[in-house]
Amino acid sequence: MATGIPKAKGQASAKSAKSDSAPGPSINIKLSYEGKASELAILNTPPASLVRDASVGQSGDAPNRLYFGENLAVLAALALDPAVRGQVRVVYIDPPYATKSVFQSRQQADAYSDLLEGAHYIEFLRARLILLRELLADDGSIYVHLDDNMAFHAKAIMDEVFGRSNFRNWITRKKCNPKNYTRKTFGNVSDYILFYTKTSEYVWHRPVEEWTAQRAGKEYQYTDDKTGRLFKKVPIHAPGVRNGETGKPWRGMMPPPGKHWQYKPSTLDEMDARGEIYWSPTGNPRRKIFLDESKGVPVQDIWLDFRDAHNQNIHITGYPTEKNPALLQQIICASSDEGDLVLDCFAGSGTTLEVAHQMDRRWIGIDNSPEAIRVMHQRFAQGLEPMGDFVNPKKSPTESDPDLFGSSEQEPDAVFSTKHTPITDFEMWKQAK
Ligand SMILES: C[S@@+](CC[C@H](N)C(=O)[O-])C[C@H]1O[C@@H](n2cnc3c(N)ncnc32)[C@H](O)[C@@H]1O
């Protein structure tokens, strides 16, 4: 694998400076379109006036809140609330995807429409992202779930709103099973989650997958003679020339050309004394990485185990585009701690909220669909129902997409706990008319 060497600021050599065609400060890229409001205008969005609905949830103060209303105005109201502004540790949103569809639930109830397109859609998203940024804690993270329709434009907008340097990952998720695809294209089984943080200092608990015997056996192929421990061999040098200790000879050996030792020679001596260096028959040193010291396989940016709930025979609410709770578990676990505040302003069936609740986080949910609010109340009270059926987006036959419907024959993916304890400790708020 060819690896570029990151160039630290001011490190450009005379040789590379000659070949650099565009030295100097970087120039920000901005997406330009008609109707793009100023940030200031968005930050001055009139806040929703909100009334408490005491007939649902907890009667007194509660740690969690569900809002029935237009999320832009509700977010503007939350931005004025010191208990929320700058306090949210994780935002996950799964907004409409500009599909030109009207979505119904499994029970044929109208759930929501997704009719905004192009610049109107992007401006809709951008306005919410700007307000969400105000709500995020300095060490907070935001995950935006989209498909290939608008993810590219959203990436450019998120670079503007959060800063290019705060982009962390473009996660590809396998959303459904392979299909009997009739179009002249590759099957479309993926969607995307754009992960940004508010700053460079953010909460991060590296997710890992457990080793399976098969995977461990493939990767850790060597056995330590003395201890019997399984290990793999990795280089002890890294790309780039260094003038300090790590660029000096160790045991009479220089690092390979264009490289440096990963550790100072004195540290390498200590590692060797502890039996952590493997010497090849030709005298080349490699570092031993032991299986029993590995917490698991670090999760990468392709997620294969979180197909949509209604693509499998698992417990669901039947709300359209309902996400897999285990997907939310992975996100919330990676980017927050117990007691932290999690927010989803496109809450839908309440997947984010229920998972946050079960993981002992506080939560705020917003949705403007009466059906979403009804489904969330039912989910909070009674939990999910076992079923393996699909939802039905209302589309004209020409627009209808066979691709949306997968088979439910496969084994279920990662499953989050289906054990249900009724959720009652929330406040219900409504946007006043
Ligand atoms: C894709 S669904 C979210 C599904 C959710 N992730 C789940 O697991 O059930 C998008 C949701 O956003 C809501 N929504 C769309 N526009 C909204 C707006 N302007 N204000 C509040 N909610 C909105 C819709 O009613 C819908 O429930």
Side-chain angles (χ1 to χ4, degrees), residues 42 45 47-48 50 65-78 90-106 109-117 120-129 131-132 143-147 149-151 154 173 175 191-193 306-312 314-332 342-357 363-380 384-385 391 393 404 416 429-431:
I42 290 165
T45 300
L50 296 158
R65 304 185 205 167
L66 179 59
Y67 291 91
F68 173 33
E70 157 56 46
N71 54 14
L72 189 70
V74 177
L75 290 172
L78 293 176
V90 190
V91 171
Y92 167 85
I93 56 168
D94 174 29
Y97 292 4
T99 58
K100 290 192 279 175
S101 301
V102 177
F103 285 88
Q104 288 188 318
S105 73
R106 184 179 177 271
D110 281 347
Y112 70 97
S113 28
D114 177 11
L115 303 172
L116 284 181
E117 286 183 80
H120 294 294
Y121 175 86
I122 280 297
E123 185 63 357
F124 166 89
L125 187 61
R126 174 175 166 262
R128 282 138 188 93
L129 292 173
L131 291 176
L132 286 167
Y143 294 78
V144 176
H145 204 147
L146 291 168
D147 70 5
N149 199 24
M150 296 312 281
R173 177 194 71 130
K175 62 182 175 182
D191 59 19
Y192 311 100
I193 302 169
F306 305 113
R307 284 171 295 152
D308 276 345
H310 52 261
N311 271 281
Q312 326 172 49
I314 61 171
H315 291 65
I316 60 172
T317 64
Y319 193 76
T321 61
E322 176 177 349
K323 294 297 174 287
N324 185 334
L327 170 83
L328 270 304
Q329 181 192 24
Q330 173 135 301
I331 288 172
I332 292 171
V342 175
L343 186 145
D344 183 347
C345 62
F346 293 93
S349 67
T351 312
T352 311
L353 315 183
E354 187 182 15
V355 173
H357 201 92
W363 52 262
I364 293 176
I366 311 170
D367 207 291
N368 65 353
S369 153
E371 176 63 6
I373 298 296
R374 186 196 69 73
V375 167
M376 281 191 268
H377 287 166
Q378 184 170 319
R379 176 180 200 155
F380 292 169
L384 304 172
E385 292 173 43
V391 290
L404 281 169
F416 186 64
W429 291 83
K430 287 180 182 169
Q431 191 172 2

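One-based numbering, in listed order, for ligands and for the atoms of each. No experiment lies behind these values; they were computed from the predicted model shown. Scope of the values below: all heavy atoms of this structure, side chains included, with no hydrogens, waters or symmetry mates.
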Set of side chain to side chain donor-acceptor pair (under 3.5 Å) partners for Arg126, sequence neighbours left out: Glu123
Listed by chain and number, what are the side chain to side chain donor-acceptor pair (under 3.5 Å) partners of His377, not counting sequence neighbours? none
Only counting residues at least two apart or in another chain, list the ones meeting ring pair (Phe, Tyr, Trp, His ring centres under 6.0 Å) with Phe68. none
Does the side chain of Tyr97 come under 3.5 Å of the side chain of Thr321 through a donor N or O and an acceptor N or O? no
Check ligand 1 for close polar pairs with the protein: N or O on both sides, less than 3.5 Å.
unit_1: ligand 1; atom_1: 6 (N); unit_2: Asp94; atom_2: OD2; d: 2.8
unit_1: ligand 1; atom_1: 8 (O); unit_2: Lys323; atom_2: N; d: 2.9
unit_1: ligand 1; atom_1: 8 (O); unit_2: Thr351; atom_2: OG1; d: 2.6
unit_1: ligand 1; atom_1: 9 (O); unit_2: Ser349; atom_2: N; d: 2.9
unit_1: ligand 1; atom_1: 9 (O); unit_2: Ser349; atom_2: OG; d: 2.6
unit_1: ligand 1; atom_1: 19 (N); unit_2: Glu70; atom_2: OE1; d: 2.9
unit_1: ligand 1; atom_1: 19 (N); unit_2: Glu70; atom_2: OE2; d: 3.4
unit_1: ligand 1; atom_1: 19 (N); unit_2: Asn71; atom_2: OD1; d: 3.2
unit_1: ligand 1; atom_1: 20 (N); unit_2: Asn71; atom_2: N; d: 3.0
unit_1: ligand 1; atom_1: 20 (N); unit_2: Asn71; atom_2: OD1; d: 3.2
unit_1: ligand 1; atom_1: 20 (N); unit_2: Asn71; atom_2: ND2; d: 3.3
unit_1: ligand 1; atom_1: 22 (N); unit_2: Asn368; atom_2: N; d: 3.2
unit_1: ligand 1; atom_1: 22 (N); unit_2: Asn368; atom_2: OD1; d: 3.2
unit_1: ligand 1; atom_1: 25 (O); unit_2: Asp367; atom_2: OD1; d: 2.6
unit_1: ligand 1; atom_1: 27 (O); unit_2: Tyr319; atom_2: OH; d: 2.6
unit_1: ligand 1; atom_1: 27 (O); unit_2: Asp367; atom_2: OD1; d: 3.4
unit_1: ligand 1; atom_1: 27 (O); unit_2: Asp367; atom_2: OD2; d: 2.7

Would you confirm whether Asp367, through its side chain, and Gly348, through its main-chain N or O, come within 3.5 Å as a donor-acceptor pair? yes
Is a side-chain N or O of Ser369 found less than 3.5 angstrom from the main chain of Glu371, in a donor-acceptor match? yes
